[in-house]
Amino acid sequence: MEVGFLGLGIMGKAISMNLLRNGFKVTVWNRTLSKCDELVAHGATVGGSPAEVIKKCTITIGMLADPAAALSVVFDKGGVLEQICPGKGYIDMSTVDHETSIKISQAITSKGGHFLEAPVSGSKQPAETGQLVILSAGEKALYDEAISALNVIGKKAFFLGEVGNGAKMKLVVNMIMGCMMNTFSEGLVLAEKSGLDPRTLLDVLDLGGIANPMFKGKGPTMLQSNYAPAFPLKHQQKDMRLALALGDENAVSMPIAAAANEAFKKARSLGLGDNDFSAVFEVVKDLKRSS
Ligand SMILES: NC(=O)C1=CN([C@@H]2O[C@H](COP(=O)(O)OP(=O)(O)OC[C@H]3O[C@@H](n4cnc5c(N)ncnc54)[C@H](OP(=O)(O)O)[C@@H]3O)[C@@H](O)[C@H]2O)C=CC1
Ligand SMILES: O=CC(=O)O
C-alpha cells in the first residue's frame with residue numbers, strides 16, 4: 001500500500017520509518033523540507049506540498065504539532081483540501097482539540113474525501129517500534145481500509161465512534177499524564193529534601209501498585225537532569241491547555257490539572273519548551289528551593 005505522510009517531527013519521522021521498514025511505500029512532506037532527506041535515504045519519495053502527496057496517495061497521514069499546524073496543512077495554499085476527493089482518505093494523528101478535528105473532517109467530507117482522526121498514545125520509542133495506542137474516530141470505512149498500516153503503527157487501534165471522540169480521549173489521557181509527571185517530580189524532590197535517596201524511591205515505586213513505564217523510563221534520566229526530548233514539553237503544555245478547555249466546556253473542575261498546567265507554562269517561560277516534558281522537574285525543584 002502507498003501511504004502519504006505529512007509532518008516529520010519526532011513522531012512523524014519514527015512512524016514513517018517504521019512503515020518503510022514494514023514494506024509500505026511512503027511519500028513524505030515536511031514544512032522544513034530538509035527533514036525529508038533521511039526518509040528518502042530509506043526509500044521514501046518526497047511530495048512538494050501536502051496537496052501533491054494527497055494527489056499521489058490513496059491514504060495520507062498527518063502528524064503535526066498542534067491545532068494551528070493541523071489546520072494550516074489542510075486549509076492553506078497547497079494544502080490537503082486542494083486534492084482531496086472521493087476515493088481518497090486523510091488520517092490526522094496530531095493531538096488537537098475536538099473542534100479542530102471536526103472542522104477538518106467537515107471540510108474534507110464536503111469535498112467527497114474520507115476522514116479519520118487517530119491521535120496516538122505513546123512516545124518516540126513506541127513510535128519507532130510500532131507499539132503506539134491509536135485512538136481513532138470518524139469514518140469506519142477508512143479505518144478498515146487503513147487497518148494494515150494502523151496495525152504496523154500501533155499495538156492496538158481503538159475505534160471510538162464519531163469524530164471528536166479520539167481527540168477527547170487523547171486529551172484526557174495526556175491530562176492525567178501531565179498531572180502524574182508533576183506529582184512524580186514533587187515526590188523526587190520530597191525524597192531528597194527529607195534525606196532519602198531518590199534512586200531508592202524509584203526502586204520502591206517500581207515494585208508497588210503505582211509502578212508504571214513513565215516513572216521507570218523517565219526517573220533515572222530526570223535524576224541526571226537529562227531532558228533529551230521524546231515528548232516536547234511545549235506539546236504537553238498544549239495538551240493541558242486543551243484538556244482544561246474541555247473541562248471548561250463540560251463544567252468539570254480540574255484543580256490538579258490547572259496547577260500542573262501552570263508548572264508546564266512556567267517551564268516554557270524558562271525556555272524549556274523544546275526539552276522533554278519531564279523537564280518540568282526543574283520548575284518543581286526551583287519552587288521547593290525558594291520556599
Ligand atoms: N513526541 C511524542 O512523544 C508524542 C507527540 N504526540 C503529538 O504528536 C504531534 C507531533 O509531535 P512531535 O512529532 O513530538 O512534534 P515535533 O515538534 O517534533 O514535530 C512537529 C511537526 O509539526 C510541523 N509543523 C509545526 N508547525 C507547522 C505549521 N504551521 N505548518 C506545517 N507544519 C508544521 C513541524 O514541521 P517543521 O519540521 O517544519 O518544524 C514538524 O513536522 C503533536 O500534536 C504531539 O502533541 C502524540 C504522542 C506522543
Ligand atoms: O502524547 C504523548 C504520549 O507520550 O502519549
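Numbering of ligands and ligand atoms starts at 1, following listing order.
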Ligand 1 N/O within reach of [X] N/O, cut-off under 3.5 Å:
| X | value |
| --- | --- |
| R31 | yes |
| K234 | no |
| A69 | no |
| T32 | yes |
| G12 | no |

Need the ligand 1 atom indices (1-based, order shown) with element for anything under 4.0 Å from a heavy-atom of [X].
| X | result |
| --- | --- |
| M63 | 8 (O), 9 (C) |
| G7 | 41 (O) |
| P232 | 1 (N), 14 (O) |
| L8 | 41 (O) |
| V120 | 46 (C), 47 (C) |

Using a heavy-atom cut-off of under 4.0 Å, does the side chain or the backbone of [X] touch ligand 1, or both, or neither?
| X | answer |
| --- | --- |
| V73 | side chain |
| H235 | side chain |
| K35 | side chain |

- [ ] Could you see which bit of M177 sits under 4.0 Å from ligand 2, with heavy atoms only: side chain, backbone, both or neither?
- [x]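 Answer for M177: side chain.
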Open item on the list: If we set the cut-off at 4.0 Å for heavy atoms, which region of N174 has an atom near ligand 2: side chain, backbone, both, or neither?
Closed with: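 Answer for N174: side chain.
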Task: Short N or O distance, G122 and ligand 2, threshold 3.5 Å exclusive - done: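 N/O-N/O distance under 3.5 Å: yes.
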Open item on the list: Quick check: D239 and ligand 2, any N/O pair under 3.5 Å apart?
Closed with: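 Looking only at distances, the answer is no, because the N/O contact criterion of under 3.5 Å is not met.
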Just go through [options] and tell me whose heavy atom is the nearest to [atom].
| atom | options | answer |
| --- | --- | --- |
| atom 2 (C) of ligand 1 | F231, F277, F5 | F231 |
| atom 22 (O) of ligand 1 | G122, P119, S123, A65 | A65 |
| atom 1 (O) of ligand 2 | Q236, K170, K238 | K170 |

Salt-bridge criterion met for [X] and [Y] (N-O under 4.0 Å):
| X | Y | answer |
| --- | --- | --- |
| K140 | D144 | yes |
| D66 | K238 | no |
| E262 | K265 | yes |

Nearest to [atom], what protein heavy atom do you find, and at what distance?
| atom | value |
| --- | --- |
| atom 10 (C) of ligand 1 | L64 O, 3.8 Å |
| atom 35 (O) of ligand 1 | N30 OD1, 3.7 Å |
| atom 13 (O) of ligand 1 | M11 N, 2.8 Å |
| atom 44 (C) of ligand 1 | K238 NZ, 3.8 Å |

Task: Proximal ligand 2 atoms for S121, defined as those under 4.0 Å from one of its heavy atoms - done: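 Near S121, the atoms of ligand 2 are 5 (O).
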Task: Numbering as shown, the atoms of ligand 2 that approach F231 to under 4.0 Å (heavy-atom distance) - done: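 In order of numbering, the contacting atoms are 1 (O), 2 (C).
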Does a side chain donor of either [X] or [Y] reach within less than 3.5 Å of an acceptor in the other side chain?
| X | Y | result |
| --- | --- | --- |
| N261 | Q237 | yes |
| H98 | E249 | yes |
| T200 | D203 | no |
| N174 | K170 | yes |

Please tell me if the side chains of [X] and [Y] come closer than 4.5 Å, counting only heavy atoms from C-beta onward.
| X | Y | result |
| --- | --- | --- |
| L205 | I210 | yes |
| N18 | V152 | yes |
| V73 | P50 | yes |
| T109 | H114 | no |
| E82 | K77 | yes |

Task: Residue from K56, K25, K88 passing salt bridge (charged side-chain N to carboxylate O under 4.0 Å, His left out) with E2 - done: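 Of the listed residues K56, K25, K88, the salt bridge (charged side-chain N to carboxylate O under 4.0 Å, His left out) partner of E2 is K56.
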- [ ] Determine, for F75 and K103, whether the Lys NZ or Arg CZ falls below 6.0 Å from the six-membered ring centre while staying within 45 degrees of the axis.
- [x]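 That pair qualifies as a cation-pi contact.
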Task: Aromatic F264 / basic K266 pairing, under 6.0 angstrom, 45° off normal - done: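 Output no; distance or angle outside limits.
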Task: Sub-4.0 Å heavy-atom contact, A68 with ligand 1 - done: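 No; A68 lies far enough from ligand 1 that no heavy-atom distance drops under 4.0 Å.
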Task: Non-hydrogen atom of A70 closer than 4.0 Å to ligand 1 - done: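 So A70 does not count as touching ligand 1.
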Open item on the list: So if I apply the ring pair (Phe, Tyr, Trp, His ring centres under 6.0 Å) rule between Y143 and each of F159, F115, F158, which one comes out positive?
Closed with: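 Result: among F159, F115, F158, F159 is the only option passing the ring pair (Phe, Tyr, Trp, His ring centres under 6.0 Å) with Y143.
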